[in-house]
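Just so it is clear, the structure is predicted and the values come from calculations on it, not from any experiment.
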Amino acid sequence: MYEGDVLAENWRRPGKGKIPKVPAELDLVVEDADSGFCGAVVSCDKEAVTLEDRFGRRRLFPLAPAAFLLEGKPVTLVRPAAAPAGPRRSASGSIAVEGLRARVARESRIYVEGVHDAALVEKIWGHDLRVEGVVVEYLEGVDDLPAIVAEFGPEPGRRLGVLVDHLVPGSKESRIAAQITSPDVLVVGHPYIDIWQAVKPSVLRIPAWPDVPRGVPWKEGVLAALGWRMEPADAWRRILGAVSTYTDLEPELLGRVEELIDFVTEAS
């Protein structure tokens with residue numbers, strides 16, 4: 001049925017020109033010929049390519065000759081040609097302002113619940129906030145939000161945006177947020193119990209954020225389930241260190257922060 005023995009020739013050392021070279025473009029799906037690991041290209045440098053499988057697991061492979069299979073056929077992956085130079089992007093995906101000098105701070109502010117929230121917002125949106133002159137402060141919880149808003153004294157040109165954790169129907173946070181009625185205050189939130197969950201699990205090479213039983217402190221329960229033998233502060237440094245761009249975060253957080261920035265900079 002076949003013309004000769006298909007296994008007679010060493011396909012890993014083929015004759016010159018027999019194995020095509022394919023640029024390792026983002027989202028190209030290939031299989032590592034040795035291990036069978038199949039995934040999409042998420043990054044590539046001059047020596048190695050990173051693949052992500054459908055479960056979010058990532059593995060690094062060297063760019064060896066004929067090391068991958070594309071649609072079942074051996075190929076040699078090569079680093080893609082450099083794209084034409086374009087505008088530099090900030091971590092949030094906005095066009096970076098070169099030689100930025102921070103604008104004088106507006107009276108409007110954005111409040112977030114805790115120091116971890118503030119650190120994450122600064123890492124991804126810090127450039128945008130300095131362009132717009134917006135200061136982010138943290139509240140250490142939202143239990144006293146109505147009093148904090150009253151003390152702030154919102155008015156046209158002096159707006160307040162508030163980012164709340166676990167803002168879902170029926171939650172304590174939703175009842176507190178419902179007490180804020182000023183048109184110069186916008187309270188939005190994400191569905192996560194803690195801002196940690198807004199980081200995509202694949203970024204940390206975990207399958208998912210664990211479910212923590214009621215009555216167990218959430219951060220401690222997560223650390224125990226993941227087998228991370230460290231204090232929450234050390235775990236947060238690990239999590240934050242893995243985040244470099246907006247694509248590392250869940251859309252439910254991205255949209256809310258962008259909404260707050262737009263609100264506090266609108267007509268002011």
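The residues Glu266 and Arg159 are annotated as salt-bridged, a charged nitrogen and a carboxylate oxygen being separated by less than 4.0 angstrom. Between Lys200 and Glu250 there is no salt bridge, since none of the side-chain N atoms of the basic residue sits less than 4.0 Å from a carboxylate O of the acidic one.
With sequence neighbours excluded, the residues satisfying side chain to side chain contact (heavy atoms under 4.5 Å, CB included) with Glu122 are Arg130. Residues meeting the side chain to side chain contact (heavy atoms under 4.5 Å, CB included) test with Asp262, sequence neighbours left out: none. When the side chain to side chain donor-acceptor pair (under 3.5 Å) test is applied to Arg58, the partners found at least two apart in sequence or on another chain are Glu52. Judged as a salt bridge (Lys or Arg N to Asp or Glu O under 4.0 Å), and not counting sequence neighbours, Glu113 has no contacts. Every residue two or more places apart in sequence or in another chain was checked for a side chain to side chain donor-acceptor pair (under 3.5 Å) with Thr245, and none qualifies. Under the rule for a side chain to side chain donor-acceptor pair (under 3.5 Å), the partners of Ser94 that lie at least two apart in sequence or sit in another chain are Ser90, Ser92, Asp128. For His116, the side chain to side chain donor-acceptor pair (under 3.5 Å) partners are Trp196, not counting sequence neighbours.
Legend: ring pair (Phe, Tyr, Trp, His ring centres under 6.0 Å) pairs involving residues 30-51, not counting sequence neighbours, sorted by first then second residue: Phe37-Phe61. Legend: salt bridge (charged side-chain N to carboxylate O under 4.0 Å, His left out) pairs involving residues 222-237, not counting sequence neighbours, sorted by first then second residue: Asp234-Arg237. Pairs passing the salt bridge (charged side-chain N to carboxylate O under 4.0 Å, His left out) check and including a residue from residues 238-248, sequence neighbours excluded, do not occur.
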Residues 207-223, side-chain donor-acceptor partners within the protein, below 3.5 Å, at least two apart:
{"from": "Trp209", "atom 1": "NE1", "to": "Val199", "atom 2": "O", "distance (Å)": "2.9"}
{"from": "Lys219", "atom 1": "NZ", "to": "Asp194", "atom 2": "OD2", "distance (Å)": "2.6"}

What side-chain donor-acceptor pairs closer than 3.5 Å can you find for residues 134-154, not counting sequence neighbours?
{"from": "Glu137", "atom 1": "OE2", "to": "Arg109", "atom 2": "NE", "distance (Å)": "3.3"}
{"from": "Asp143", "atom 1": "OD1", "to": "Lys172", "atom 2": "NZ", "distance (Å)": "3.0"}

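Looking only at side-chain heavy atoms (C-beta outward), Trp228 and Ile239 come within less than 4.5 Å of each other. Using a 4.5 Å cut-off on side-chain heavy atoms (C-beta onward), Glu252 and Tyr192 make contact. When side chains are defined from C-beta on, Val188 does not count as touching Val164, because their heavy atoms never get closer than 4.5 Å. Contact annotation: the side chain of Leu129 approaches that of Ile261 to within less than 4.5 Å [non-hydrogen atoms, C-beta and beyond]. When side chains are defined from C-beta on, Leu120 counts as touching Trp236, because their heavy atoms get closer than 4.5 Å. Side chains of Leu249 and Val243 form a contact here, defined as non-hydrogen atoms less than 4.5 Å apart.
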Problem set entry | Residue pair Arg158, Glu155: steps toward the salt bridge (Lys or Arg N to Asp or Glu O under 4.0 Å) verdict | CA-CA 5 Å; Arg158 180 179 167 82; Glu155 60 184 30; 5.8 Å; no

For this session: Apply side chain to side chain contact (heavy atoms under 4.5 Å, CB included) to the pair Leu77 and Val30, showing each step before the final yes or no.
Result: CA-CA 9 Å; Leu77 291 186; Val30 295; 4.0 Å; yes

Problem set entry | Derivation and outcome, side chain to side chain contact (heavy atoms under 4.5 Å, CB included), residues Leu163 and Arg256 | CA-CA 8 Å; Leu163 179 68; Arg256 303 295 74 74; 4.0 Å; yes

Exercise. Stepwise, does the side chain to side chain contact (heavy atoms under 4.5 Å, CB included) test hold for Glu132 with Val264?
Worked result: CA-CA 9 Å; Glu132 298 292 350; Val264 299; over 6 Å; no

Problem set entry | Residue pair Val22, Leu70: steps toward the side chain to side chain contact (heavy atoms under 4.5 Å, CB included) verdict | CA-CA 9 Å; Val22 177; Leu70 176 61; 4.3 Å; yes

